[in-house]
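Both ligands and their constituent atoms are indexed starting at 1 by order of listing. Residue numbers run from 1 in the order of the sequence given.
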Amino acid sequence: MKKRIVPILISLIVTLFIIRSITRTASSVGNWYRGNTHTHSLWSDGNDFPEIITEWYLDNNYDFMALSDHNILAEGEKWMTLEKVFERQDVEGPTAMEKYLARYAGTDWIETRDNNGVKEVRLKQLSEYRSRFEKSGEFLIIQAEEISAKFEEHPIHINAVNLQGVIPPVKGTSVRDVMSRNLQAIAEQEKMTGEPILAHVNHPNFHYAITGEDLAHVTEEEFFEAYNGHPGINHLGDDMHPSDEKIWDIANTIRLAELNGPPLLGVATDDSHTYHGGDASPGRGWIMVRAKKLEAASLIEAMRNGDFYASTGIYLDELSWDNVSRTLSLKIRPDGDNTFTSELIGSRTNYDPADKKTIGEVLASHEGTSIDFNVSEDVLYARVTITSSRSASNPSYEGQMMQAWTQPVGWK
Ligand SMILES: [Zn+2]
Ligand SMILES: [Zn+2]
């Protein structure tokens, strides 16, 4: 009798162990890659050359980046007058052109011409400059566009990252209709080319154009900017409007409670425009993606699985979700003598739609760098916001502290 029970017990334990390791690691294979998916250059309304901006990201420990100019890709012949390049600059000091000339001094890289007495410079295409910076497995440039549509006075901007051809903004009959139609145009290109495109709705509080309710109801939408580093986008909201973070909770609560749809996932981006000391500078917000390879398709697949977090200065050494024990585990990378507060935020299944306090409430809070949150069964979802005791080094709003945001769990 004993002889038979022992092998059965052993195989049972092994099976349980395998099941457990599958559930734990199903979404956690790969390396962490740091990237920014929202940046502007002279190709639209940014004030520096794409090569100089790309080099900035390369030098500042990013693994991937996307220049996402408004309604344009860096392709085709585009000449700009030196006067126009200069006008973009908002502070004193060496000009973009002077720095560009100095950077490529002694080479024939820069092309200028005299056009009827007007001096012009040609903007380099992505296909021309990408090989100067890209290195397999080390640094990746992903083609992107900020599709900049609007409804009446409401700007509706959606980043399409890894698109294969320009997508002109589509008009519509309401904020939700414009969002929906532009996301459909992105989905159509993805279907046609077979190349995945990451689409994220940008800065909902810019001109207070897009509400949490709007984000909830446009169900084609998978990602939005939980943080955008441009100082003009009303990240914190005001007396009349909820913050970007609260908007995230409103959208996800409606999605899960009323629409039976998956929650929105949140990215952090720079939306940088100024590179000479102006106020929309790079380096403020990024994502960390756990992907098998540093390739666009692999990064997008991981993001669709929710295997990433958004950050403005905090790094995680561990992030895992165990769907069986409903445990969300984090290890925050220590940073000098900074302290960290991690809040588990979510809505309970019995939340009150009329009481905003019950939408995205703080379910638990922990100090320290090693945390296991247990997510109870009575929530629609839960996510974590981590806040450091250290101020952001280049804040986009007054009093900004370094933060990180993990994706919603516990909703499947
Ligand atoms: Zn925008
Ligand atoms: Zn932008």
Side-chain angles (χ1 to χ4, degrees), residues 35-50 53-54 56-57 62 64-74 88 90 123 126 141-163 166-172 175 178-179 181-183 185-186 197-211 214-215 218 221 223-237 241 243-244 247-248 264 266-276 278-287 310 312 394 396-397:
N36 172 44
T37 55
H38 190 167
T39 328
H40 296 276
S41 76
L42 285 168
W43 276 89
S44 66
D45 58 351
N47 72 5
D48 214 340
F49 293 88
I53 300 167
T54 302
W56 188 92
Y57 284 96
Y62 287 74
F64 66 96
M65 56 111 47
L67 283 176
S68 55
D69 279 303
H70 298 280
N71 302 333
I72 193 169
L73 297 177
R88 291 273 175 86
D90 37 15
L123 300 185
L126 176 58
I141 304 171
I142 309 177
Q143 179 162 259
E145 173 191 348
E146 184 173 17
I147 302 172
S148 306
K150 60 179 182 178
F151 174 70
E152 293 171 348
E153 295 312 306
H154 304 285
I156 297 164
H157 294 182
I158 301 175
N159 264 36
V161 181
N162 197 39
L163 78 179
V166 74
I167 299 178
V170 185
K171 292 191 171 105
V175 166
V178 172
M179 281 167 67
R181 283 171 190 263
N182 282 281
L183 288 163
I186 296 169
I197 303 174
L198 171 76
H200 58 73
V201 171
N202 297 341
H203 46 59
N205 271 347
F206 181 46
H207 292 256
Y208 294 111
I210 302 170
T211 64
D214 293 331
L215 291 176
V218 180
E221 186 199 341
F223 301 91
F224 96 116
E225 286 182 338
Y227 174 83
N228 169 307
H230 196 293
I233 56 97
N234 302 310
H235 177 65
L236 297 180
H241 304 90
S243 67
D244 285 329
I247 282 175
W248 194 6
L264 272 180
V267 300
T269 71
D270 278 343
D271 199 1
S272 42
H273 287 71
T274 57
Y275 306 91
H276 314 282
D279 65 358
S281 50
R284 286 179 169 141
W286 61 87
I287 45 176
T312 56
N394 176 21
S396 66
Y397 57 88

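Taking 2.8 Å as the criterion, His38 does not count as a coordinating residue of the Zn ion (ligand 1), since none of its N, O or S atoms falls below it. Residue contacts to the Zn ion (ligand 1): Glu146 brings an N, O or S atom closer than 2.8 Å. Taking 2.8 Å as the threshold, His230 does not count as a candidate ligand of the Zn ion (ligand 2), since none of its N, O or S atoms lies below it. In summary, His40 places an N/O/S atom under 2.8 Å from the Zn ion (ligand 2), meeting the contact criterion.
Annotation: His200 is not in aromatic contact with Phe224 [ring centroid separation under 6.0 Å not met].
A donor-acceptor contact under 3.5 angstrom links the side chains of His235 and Asp244, judged on distance only. When only modelled atom types and interatomic distance are considered, Ser272 and Tyr57 share a side-chain donor-acceptor pair under 3.5 Å. Side chains of Asn47 and Thr274: a donor-acceptor N/O pair is absent below 3.5 angstrom, by distance only. His38 and Asp271 share a donor-acceptor pair across their side chains, judged by distance under 3.5 Å alone.
Within His157, ND1 is the N, O or S atom that lies nearest to the Zn ion (ligand 1). When the Zn ion (ligand 2) is compared with the N/O/S atoms of Asp271, atom OD1 turns out nearest.
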